[in-house]
There are 2 protein chains.
Amino acid sequence: MPLDQRKKQILQAIVDDYVSTAEPVASNALIQRHDFRVSSATVRNEMSDLEQMGYLEQPHTSSGRVPSDKGYREYVDSLMKVDTLTDAEGEEIRRRLSESFDELAGLLKKASSTLSEQTGYVSLAITPRLRKSYLKQLKMMMIEPGKVLVVVVLSAGIVKDRLVRIPDYLTPEQLSRISSAIEVGLYGKPLEEISLVTVASAAKDSQLPDSLLNQVLYEAYTAIKQADNLEVYMDGTNRMLSLPEFSNVSKARTLFDALAMDGIVSGYVNELSMENEKASYMIRIGQEISIGGLSDCSFITTTYNVGDKIAGNIGVIGPKRMEYSKVISQISFIRQVINHQLEEIKALNGG
Amino acid sequence: MPLDQRKKQILQAIVDDYVSTAEPVASNALIQRHDFRVSSATVRNEMSDLEQMGYLEQPHTSSGRVPSDKGYREYVDSLMKVDTLTDAEGEEIRRRLSESFDELAGLLKKASSTLSEQTGYVSLAITPRLRKSYLKQLKMMMIEPGKVLVVVVLSAGIVKDRLVRIPDYLTPEQLSRISSAIEVGLYGKPLEEISLVTVASAAKDSQLPDSLLNQVLYEAYTAIKQADNLEVYMDGTNRMLSLPEFSNVSKARTLFDALAMDGIVSGYVNELSMENEKASYMIRIGQEISIGGLSDCSFITTTYNVGDKIAGNIGVIGPKRMEYSKVISQISFIRQVINHQLEEIKALNGG
DNA sequence: TTTAGCACTCGATGATTGCGAGTGCTAAAC
DNA sequence: GTTTAGCACTCGCAATCATCGAGTGCTAAA
């Protein structure tokens with residue numbers, strides 16, 4: 001049995017009300033706040049149907065109804081009204097993100113904090129997946145004998161570096177021969193195709209004895225590989241402590257522990273975005289989220305882009321009772337601004 | 001009126017008991033757990049005195065007593081028994097900290113997480129104050145026209161870098177003339193004495209026209225200055241959610257907000273360590289801590305050293321009802337291990 | 001100075017009650 | 001057939017009350 005028009009209206013109204021009040025929604029309250037042209041008794045019948053169909057839940061007999069995961073799903077898929085930012089809100093976001101303008105990490109941090117402040121929920125910004133980007137430069141700069149700063153420059157203008165230790169009899173000249181051999185050999189090769197073996201074979205061209213090479217190769221390799229590490233900027237976790245959902249500390253602790261598990265959330269969001277490459281945003285609700293401790297939450301995530309290959313994610317984690325349409329409009333807007341800024345950074349970098 | 005022997009004993013016992021139970025301590029419970037050779041009535045009289053003198057508080061008539069800030073202060077200053085780590089505990093700590101061995105940031109992160117796990121409270125590790133250390137090297141590496149990686153090497157082997165943008169008509173040669181002029185001019189000068197003016201006058205020696213110089217100076221200056229930024233690694237905040245002290249979320253939120261205020265806690269700890277240079281550890285209890293939101297907590301901090309000039313801090317934040325002596329022994333031990341590791345890093349660096 | 005004894009305090013617990021918000025059902029109205 | 005007024009019923013919640021007992025403070029005797 002599909003939902004008829006009136007059921008949809010009622011479900012929508014219930015979700016809207018529950019989102020703003022956090023209290024189970026009663027038939028009477030509904031007809032007062034929205035002007036359905038029917039009585040509370042009719043609404044009650046409809047609500048009872050909706051419960052049977054799995055869209056609503058009743059915390060206990062004689063209480064109002066609360067949306068189930070399925071109810072929220074229906075709501076976000078086809079019921080909610082899309083929200084649009086006011087000009088002022090948009091301007092504010094643009095202003096804040098234009099401050100930190102020439103550095104990826106700074107931009108993402110700012111994006112994350114803005115997103116959290118605007119929505120009032122937990123925000124997330126994840127650095128791009130760089131597997132598809134390629135090595136443009138590899139420099140090894142000797143700080144002092146035995147200590148080298150390896151600088152990796154990737155396409156899309158991303159620069160990462162790493163301080164490593166090598167045998168201290170290597171001279172700067174030998175080092176620079178090695179690094180330029182690797183650079184030449186790997187130029188244009190996507191990170192995902194770079195392995196210890198490819199690095200080694202590239203380094204062969206330096207014409208240095210293996211005994212010298214081997215000591216450096218591994219460090220060069222890990223420096224390159226680490227450029228692909230995802231970094232996560234999470235913001236606003238404390239806000240969750242003010243939500244009635246988490247008014248009991250043990251629930252809060254479960255949530256916080258889950259959020260603090262480094263890599264779990266970002267890995268999940270990452271997967272999500274790979275599975276939904278063409279979607280403009282992704283929503284996961286409650287039990288749909290396969291991370292222990294987050295089943296009382298919803299995710300809204302989206303993907304930002306540098307060119308057509310490089311992509312990272314931003315997202316919001318909030319209670320299931322989230323202001324979905326507002327968050328969607330905010331996150332979409334921020335995504336646009338990030339894309340724009342990144343294009344600009346790229347243009348500045350010549351490429 | 002000074003505390004006589006028995007009062008001290010009783011106060012000590014009360015703190016010990018309260019630390020482990022988190023419940024107000026009653027006279028009867030006291031004489032059962034500890035064998036004072038007196039009756040509960042006597043203890044009651046003593047407790048009443050101790051309350052009068054400000055060492056104890058009574059949540060309400062007819063409940064047991066709880067230590068006041070003054071009570072804890074007396075306890076840590078002269079009553080508690082010092083705890084020593086078991087060999088196994090020490091070994092475990094040493095093992096964990098020896099894993100990440102050649103990089104300051106990694107060592108401090110590991111130290112922080114170890115400290116939190118061992119104590120069960122919130123831990124803190126702060127990078128060293130580098131004002132007294134001096135510039136050893138300044139390199140500017142052109143990534144591509146207009147984009148430069150500024151690498152700052154300080155005495156004590158600390159390396160920091162920063163990606164900056166400069167006018168794109170500057171050539172690598174000009175850049176390297178500027179950076180080596182600055183390097184030569186500032187070599188050996190402590191960071192605290194470096195200003196935009198000193199940088200500019202050092203750069204003069206590059207013999208390049210001011211019009212070129214000015215564009216780069218500021219970036220060089222900020223790169224150098226930023227090397228002095230304190231970074232903070234905090235761990236285990238979630239553990240606080242399991243303490244009865246913070247079983248109500250609004251208290252927890254206040255605490256978490258305070259902890260998240262970037263720089264507040266680290267600044268406080270920093271100040272503390274400057275004021276108590278020769279102390280082997282510092283304790284601040286409740287109201288003694290002048291940070292809003294942390295007045296239900298205690299701090300135990302200590303200072304680690306690289307040589308005799310460079311020093312940073314590690315610390316523990318817990319409830320006032322903290323296991324002081326245990327934490328002190330743990331933090332002291334970890335401090336020693338850090339010092340040792342840092343000496344080793346320095347030796348490796350030939351510094 | 002210590003302590004046994006006892007009255008007193010007060011939070012915590014649990015039972016009881018009433019209230020009221022909310023439902024589901026029925027039967028009448030549309 | 002659908003809607004709705006009416007009403008009985010459910011159940012959480014808050015208030016009230018009594019009880020219990022852990023704990024104190026005080027007094028008077030040891």
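Below, chains carry the letters A, B, ... as their sequence lines are ordered, and counting in each starts from 1. Keep in mind that what you see is a predicted model, and the values were worked out from it rather than measured.
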Whichever of B:Thr61 and B:Val38 has its nearest DNA chain C nucleotide further upstream toward 5': B:Val38
Taking CG from A:Asp49 and P from C:dG24, how many angstroms apart are they, rounded to a whole number? 10 Å
Judged by atom type as modelled, is there a donor-acceptor pair below 3.5 Å linking the side chain of A:Arg335 to the main-chain atoms of A:Thr303? yes
So A:Tyr324 and A:Tyr72, would you call those rings parallel, tilted or perpendicular, with 30° and 60° as cut-offs? tilted
Given C:dT2, D:dG25, C:dA4, which nucleotide is nearest the side-chain atoms of B:Arg6? C:dT2
Rounded distance (Å) that lies between atom C1' of D:dT24 and atom CD1 of B:Ile31: 14 Å
How many whole angstroms separate atom CZ of A:Arg65 from atom C1' of C:dT23? 7 Å
Determine the contact category for A:Thr42: base if any of its heavy atoms lies under 4.0 Å from a base atom, sugar-phosphate if only primed atoms, P, OP1 or OP2 are that close, otherwise nothing. base
Looking at C:dT9, does its base get a donor-acceptor pair with the side chain of B:Ser62 below 3.5 Å? yes
What's the closest nucleotide to the side chain of A:Ser27 if the choices are C:dT3, C:dT23, D:dG12? C:dT23
Using whole Å, what does the distance between atom P of nucleotide D:dC26 and atom CD of B:Glu51 come to? 11 Å
Whole-Å distance, B:His60 NE2 to C:dG11 C1', equals 5 Å
What's the closest nucleotide to the B:Gln58 side chain, out of D:dC11, D:dA22, D:dG25? D:dG25
Dot-bracket assigned to DNA chain D with the 3.5 Å Watson-Crick/G-U criterion, [ ] for crossing and | for other-strand pairs, is ||||||||||||||||||||||||||||||
Out of C:dG24, C:dG5, C:dT23, whichever nucleotide has its closest atom nearest the side chain of B:Arg44: C:dG5
Using a strict cut-off of less than 4.0 Å between a Lys/Arg side-chain nitrogen and an Asp/Glu carboxylate oxygen, indicate whether A:Arg73 and A:Asp69 qualify as a salt bridge. no
